[in-house]
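Reviewing the structure listed below.
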Number of protein chains: 2
Amino acid sequence: MIRDDSPPPARSNAVPRYREIYEALRQKIVSGEWPAGYRLPSEHELARSFGCARMTIGKALGALADQRLVTRRRRAGTTVNMPRPQESVLEIHDIEAELLAAGVSYAYQSLERRVRRASTADANILGVPSGTPVLALTGLHRAGGRPHALEERLINLHAVPEARAERFSGISPGRWLLQRIPWTEAEHQIGALNADAAIARWLAIRRNTACLTIERNTWRDEQRITHVRVIYPCDQHRLVARFRYGPT
Amino acid sequence: MIRDDSPPPARSNAVPRYREIYEALRQKIVSGEWPAGYRLPSEHELARSFGCARMTIGKALGALADQRLVTRRRRAGTTVNMPRPQESVLEIHDIEAELLAAGVSYAYQSLERRVRRASTADANILGVPSGTPVLALTGLHRAGGRPHALEERLINLHAVPEARAERFSGISPGRWLLQRIPWTEAEHQIGALNADAAIARWLAIRRNTACLTIERNTWRDEQRITHVRVIYPCDQHRLVARFRYGPT
DNA sequence: TTCCGCGATATGTCTAGGCATATTATAATT
DNA sequence: AATTATAATATGCCTAGACATATCGCGGAA
């Protein structure tokens, strides 16, 4: 017996099939038609009803799972998740690039630069054994000639020995590091503080002005690279983060 | 001629092949052996050298591209990216769940509740036409009996008509909404401010104390649901975000 | 010299099967 | 009744091949 082995019509739509399916299923979920806990049809059933191979369905369901809209377990099937905790992707840009993109002139001014063996405090902050050689930097980011942010940084000289020879007059250490050292993990902590006298002087703001602080730790496969705290006056900077349950 | 059609040995390692390959390639990149701009071997070549099907290579490379470690373009091939702008996934938790998880008692105290037609200011903040019915809420989150955060919220009553009947005495509007309304997009803005007299009184802090503010806008497929601004005293809360170039 | 068309190449997507494995439901046994 | 073996099911991973499509580079024409 001869079966119809003609290939399916050459769908050359711009949007791939798996994405159409992803969108269709996503719509069921975000519209509430399939509420939390609902169990989706099996891959085989969906493949039949959408008229495609099981692997194509698998790709669509995999994308939904990546977005955490559903959970997939063998034999148990695919079920709709509870709405998640509010989650966003926060991009913390290089200050210099950000300002230049906005058409503002930028300069980094080094205020202090010291190589030392890590004190107990340094060791705690940077997460290295005390006594490890570190480079401690303080500097000011200027935008349009005016103070924009104050930066306090510790660099692990075991991880970045080249830094010992770099003066960082002119180039910001953040950019310098970013261009040289690939990092594999980063942690940010965001907080607020009242400017003390020293901070207020450097940033040319009044004492007690609220400032946003961003602390960042970076790792390169287990090894700590640097710790930095950047202090922005409250009116200079906002962090924006956006998340969407998206067309991926 | 008879070819060896015996299937490949039944690798039943716990780690799938595509992930092994992903890790191997990732290692080349983060170690610096393949620097930014380096062009990877083609899928065919990799498939040959790893001894697997092209699709398996495609899955590994796709994962690297998801992590933005590489860029893939037809004909041009797959190339290693420059290190990215610092990016992190920020989870902004439900305050109530967070405090309960920490073993602290939690309560929401409604301070003000008004239904009104959106003023121009409301309209700007919430992104709806002025005149749209909105619910304006002010409330205090208490932890262990003490003030923890102040919340100012606008809810679009066209999007959430059920909210008109809800008193929000006891239950926090954030939690109430999260349980009822699936959202598809969220934007967060994080900033700092000095507490004014009203804020200071409610939060039982001194005037001018630095506070962290989180503003959140949520959408459900184009439609604005709510805008909220939460104000935390600087010593009460930090935001932590973490990112890793990961084993996915 | 410059521009245009064409072939080569690498990825993007898809199919139709296959075996592996976790988990659940059911039947059998103690 | 409680426990254990077994079968069924749904996902997870994989292959070998196919066509589609973007784009790079080259050679010929204006």
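Only a predicted model underlies this, so the values are computations on that prediction, with no experimental measurement involved. To find a chain, count down the sequence lines: A is the first, B the second, and so on, and within it residues start at 1.
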Side chain of [X], heavy atoms from C-beta onward: which of [options] has the nearest atom to it?
| X | options | value |
| --- | --- | --- |
| Ser42(B) | dC14(D), dT11(D), dT11(C) | dT11(C) |
| Met55(B) | dG7(C), dA8(D), dC14(C) | dC14(C) |
| Thr56(B) | dG12(C), dT15(D), dA25(C) | dT15(D) |
| Tyr18(A) | dT13(C), dC14(D), dT11(D) | dT13(C) |
| Arg39(A) | dA10(D), dT11(D), dG12(C) | dA10(D) |
| Arg74(A) | dC14(C), dA10(C), dA10(D) | dA10(D) |
| Thr78(B) | dC14(C), dT23(C), dT11(C) | dT11(C) |
| Lys59(B) | dA8(C), dA22(C), dC13(D) | dC13(D) |

Taking [atom1] from [X] and [atom2] from [N], how many angstroms apart are they, rounded to a whole number?
| X | N | atom1 | atom2 | value |
| --- | --- | --- | --- | --- |
| Leu46(B) | dT15(D) | CG | P | 14 Å |
| Ile57(A) | dG12(D) | CD1 | C1' | 16 Å |
| Arg48(B) | dA10(C) | CZ | P | 11 Å |
| Glu45(A) | dT11(D) | CD | C1' | 13 Å |
| Leu40(A) | dT11(D) | CG | C1' | 13 Å |
| Glu43(B) | dA16(D) | CD | P | 15 Å |
| His44(A) | dT15(C) | NE2 | P | 14 Å |
| Arg19(B) | dG12(D) | CZ | P | 12 Å |

Map Arg75(A) and Arg72(A) onto DNA chain D by nearest heavy atom, then report which one ends up closer to the 5' terminus.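 Per heavy-atom nearest nucleotide, the more 5' residue is Arg75(A).
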Touch check for Arg73(B), heavy atoms < 4.0 angstrom, all strands: base, sugar-phosphate only, or nothing?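 Sugar-phosphate contact only.
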Within 45° cone and under 6.0 Å: Arg220(B) NZ/CZ vs Trp183(B) ring: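 No, Arg220(B) and Trp183(B) do not form such a contact.
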Looking only at atom types and distance, does a side-chain atom of Thr213(A) sit under 3.5 Å from a main-chain N or O of Val230(A), one as donor and one as acceptor?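 A pair under 3.5 Å: no.
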Of Glu151(A), Glu96(A), Glu166(A), which is the lone residue that meets salt bridge (charged side-chain N to carboxylate O under 4.0 Å, His left out) with Arg175(A)?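 So the option named by the test is Glu96(A).
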Which label fits Tyr106(A) and His141(A): parallel for a plane angle under 30°, tilted from 30 to 60°, or perpendicular past 60°?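 Because their plane-to-plane angle lies in the 30° to 60° range, the rings of Tyr106(A) and His141(A) count as tilted.
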Does Arg54(A) contact dG18(C) through a side-chain donor or acceptor facing the base, at a distance under 3.5 Å?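 Between dG18(C) and Arg54(A), which were checked side chain against base, a qualifying N/O pair under 3.5 Å is present.
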Would a 4.5 Å heavy-atom cut-off, applied to side chains only, mark Ile21(A) and Leu46(A) as touching?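 No, too far: nothing below the 4.5 Å cut-off.
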DNA chain C: 5'-proximal contact among Ala76(A) and Ala53(A) (nearest heavy atom):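 First, find each residue's nearest nucleotide; the 5'-ward one identifies Ala53(A).
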